[in-house]
Structures are given as C-alpha cells and as structure tokens.
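Comments concern the structure below.
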Amino acid sequence: MAAMNHSANTVTKPSSPSPTRPTALPPGPACPWFGLPQLRAMGRDYIGFLQGLQRQHGDVVFMRLVQYRDYSFFHPDAVRELLVAAHAGLIRWERGTEVMAAAHGHSVLIAEGPAWQRQRQMLQPGFAPKRVTALAPLIVQAGKEALAKWPQGNADAPVVLNFEHAMTELTMDVILRTTFSCTASPLARAAESALRVLSQEGYREMFYPVSAPLWAPWKRAKRHALRVLNELVEGQIAARRRLLAQGHSGPQDLLGMLLDLRDEQGQALSDKELRDECMTTFLAGHETSAVALTWWAWCMASHPDVAARASAEVQALLGPEQRAPAFADVAALPYLGQTIKEALRLFPPAPALLTRRCTQALDIGPWHLPKGSMIRLTPGVMHRDPRWFPEPEAFRPERFAPEAAHAIPRGAYLPFGAGPRVCLGQHFAMTEITLIAALLLQRFRFSPVPGAEPPRPTLNITLRPHEPLHLRLHARGD
C-alpha cells in the first residue's frame, strides 16, 4: 500500500443540526451503472481501492452504490465520533451480518439492539482481565507442547516451516483448551480448511445483494465447511451436557462460564444462543490470533535487528533456565508488546468491513447523513496514513513506545475496533499473542525463505498472506 498525499477535506468534530446545514455532498467518484464498476473494483482490492479514493478525494468520500448512499470516513476524529458518540444511531450493515450469521448465528458478534446489549452484558465478565489471568497457563501449556513437536533447525540446516498453518493449529489448540477443556482432534484439524472456505465464500457473497440457497449445487464446499464446524462445536456442548447430567461438575472453562451465565431476569442462554456464542468464540478466538502471529513473525524475520532486541528482552526476563512466560510477564515485555502493536498496525487481522448503516439522520462535521446512509470505516487505510504514522510502510515498533504513543491520535489505530462494539476478546487476544511470541523468541530465530517473494496481503474477511507463509526456523544457540 503506497503512502498517500491528502487533500484539505478533513473532518472536524460533528456539529449540531443547523438550519444553515450544507446540502452539498462530499467529493467522490462518478458512479455509473449504479456503482457496479466501483463494487467490482472493491471486490478485487478492497483496501487498495479505498486508499485510492482517499488519495484522490480526501477524508470523506461519497459514492452511489446500488440503493445506498455510501460515505467513507478516513479521519480519526470522525471515525471515533461515529463508533463512540454516534453509536446509538448506527447498526451494522445488514448484508454483512447476514453473510457472517451463516456460521456465527446470532451471537454477540452479529446481534443488534436489546439482544446485543443483553448478550454483551452477560459475556463481559468472561473476558475480564481476572478471567484471562486464569486462562494464561493453558495458553502457555498449549504453546510449549506445540513448539516441542516442531522440527529443530540449526545454523547449517534451518528448517522451513509452513508458519501460517502452524500458528492456526496452535491457536486452535489454545481455544479448544480454554473453551472446551479438550485438545485437538481430527475434526478440529478439518476446521482449519473449513474456516478458510467460509472466509473466501463470505467475502465474495458480501458483494452480491443476496446469497444463493445453501442447497445450490455450487455451495457444496460451504455446506461441508458448516457441517464440520457445527459437528465440532455442537459435539462439545452435547458432551458437556451429558457430563453435567451424570452429576459431575464441569471444568471452569469458557463453556462452563457460558452455561453458568444468567441475565438480569435470571435467564440462562438458550441452546441456540449457547451454540452461537461458542461458535463465535471458537472461530474469532483462534483465527485472528493466528493471523496476527503469522504477520508478526514475518516482521521479525524481515527485520532481524528488531527481532534481536525483542529476543534479548525475552531472554533477560525469563533467564538462562528458560522458564515459561506467565501472565505477569506480559507487562514486563514492553518492547515485545511494541513489535506486536506495530505488526497489528501494518497487518490488522480485520482491516476493513467495519460497515454501518444510519438508523437516524446524523451530522458529522459539515456533512449531513440521511437516515439509511451507509458508513464505511477502513482501519487498513488509516493505519498507513502518513499524517498519523510517518513513513507508514516502515516497521517501526518505537511508534508505540510510551514516550511516543501520545502522538497517535485517538481513532487512528483500530486493530480491535472502538466504542461499545470494541472486540470483546481483545485482552485475551493480546495476552495470547504476547505469551506465544515470547515462547517463540525463547526457542527460535526466523528468517525469510531464500528466493521467496514477500507475502502479499489478501483480504478474505481477515487479512491473510495470499499464499501460506513459510519461514526458516533457526534453533536458539546457533
């Protein structure tokens, strides 16, 4: 993604409605044929297309896309105003949630209004720091066991590893242990390819007004993927139900927490709600962490000086005896944390599709957004804006050092979103990523595979390398 020059079309704080409110639309491209050429361009390269819009038209861009009045906002002030102050006047884009609901059902990720408020309030304690602290040993144990099985490279013959696949397996093992108190099974391994199918299918479907019925012959791969995921999640729930019916007390994992939840009226989650929340926890809980760790490792491999400094910090804290990291060590590894935050800036797992629709008219800066307007927010563009991140293509963890972080405007850095719908599992995710990264740096040094092209980011709901990322592993001590 290239650095950009910007026009003066910068959004200020939203203003109150005024009789002198301007009626002119923000600048934007001509959209012939109901905007179908623009939709096609977005489907091919969503981030690049929106980057081009900002470069050409500024921080607010208007398009007519089929039946929608579509507004893209790129300035941190406006983005934060929309996600925080104007939250009550927005809902998530219905077509996007419809596509996601094929797998997630109506979990807290999908729900709106009172249903979302109830679910969010019920689930919040399960992802609080105290709860994450209790789950940290399971994360570390899963990491240690996975890394012990990896081939050990050396200076003369470093091992080439499909790192993306390895991270997916590892984070899937973590989420199975923390959610269901079980380890990986053949069905769980099949879930990796199932999730990739659903991501690719889901991204494509978002650019069509309706989805073909699931029984359509060309939906065979999606049907199989959903069946694999449902068998995995529903099988774990059924096994726990049987255990409890026999009078046993279940483990205190996330499933146990979900079974114990009660709302203000004393009502537990229904069977359907339980399935949906478990599915979202399983899918979102491992995929985004796997993607984040994959991109972080690429940044380490391609910036050996940064990797050496982060590794030295880990070695100094955990000592020559190489004790395993613990939850308390997360805060004691500030430079490692900076490398993770910078990797999330360059390669946010969810860089786009934070799309909302107005349920009431809104005034954002000088612009009036009628009821029903589409609002498009794109962290993947904002994270590479040179106004907030000088030399935006460079990997510079120092941006997030305590003495420098204040220079980043609120709303410019959104790896987990913002406002009331900020990612519920962000604290768990950052803890998991940091602990696994520390385990990796204890044991290995990474380098690119000679002759291989740098990975090309590709958006399919999440931001993955276009081809599975392979890295060379060198055992520590070489």
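For E205, the salt bridge (Lys or Arg N to Asp or Glu O under 4.0 Å) partners two or more places apart in sequence, or in a different chain, are K219, K222. In this view, F395 and H303 satisfy the ring pair (Phe, Tyr, Trp, His ring centres under 6.0 Å) rule, not counting sequence neighbours. Listed by chain and residue number, nothing satisfies the ring pair (Phe, Tyr, Trp, His ring centres under 6.0 Å) test with H104 (two or more places apart in sequence, or in another chain). Taking E264 as the reference, nothing meets the salt bridge (Lys or Arg N to Asp or Glu O under 4.0 Å) condition, with sequence neighbours excluded. Partners of S181 according to the side-chain hydrogen bond (donor to acceptor under 3.5 Å, both in side chains) rule, which considers only residues two or more places apart in sequence or in another chain, are D253. Taking the side-chain hydrogen bond (donor to acceptor under 3.5 Å, both in side chains) definition, one finds that R64 meets it with nothing, sequence neighbours left out. Qualifying ring pair (Phe, Tyr, Trp, His ring centres under 6.0 Å) partners for F282, counting only residues two or more places apart in sequence or in other chains: H286. Residues passing the side chain to side chain contact (heavy atoms under 4.5 Å, CB included) test with E98 are R95, sequence neighbours excluded. Scored by the ring pair (Phe, Tyr, Trp, His ring centres under 6.0 Å) test, W296 finds no partners at all (sequence neighbours excluded).
The closest side-chain heavy-atom distance from E277 to V108 is below 4.5 Å.
Among pairs with a residue in residues 128-142, those fulfilling side chain to side chain donor-acceptor pair (under 3.5 Å) read Q141-E145, at least two apart in sequence or across chains. For residues 399-410, the pairs satisfying side chain to side chain donor-acceptor pair (under 3.5 Å) are E342-R399, with sequence neighbours left out. Listed by first and then second residue, the ring-ring contact (aromatic ring centres under 6.0 Å, His included) pairs that reach into residues 123-143 come to none, sequence neighbours excluded.
H75 and W388 have their aromatic ring centers within a separation under 6.0 angstrom.
Taking the six-membered ring where tryptophan is involved, the planes of H427 and F327 are perpendicular, since the angle between them exceeds 60° and thus also 30°.
Atom CG of residue L414 and atom NE2 of residue H383 lie 5.0 Å apart, to the nearest 0.5 angstrom.
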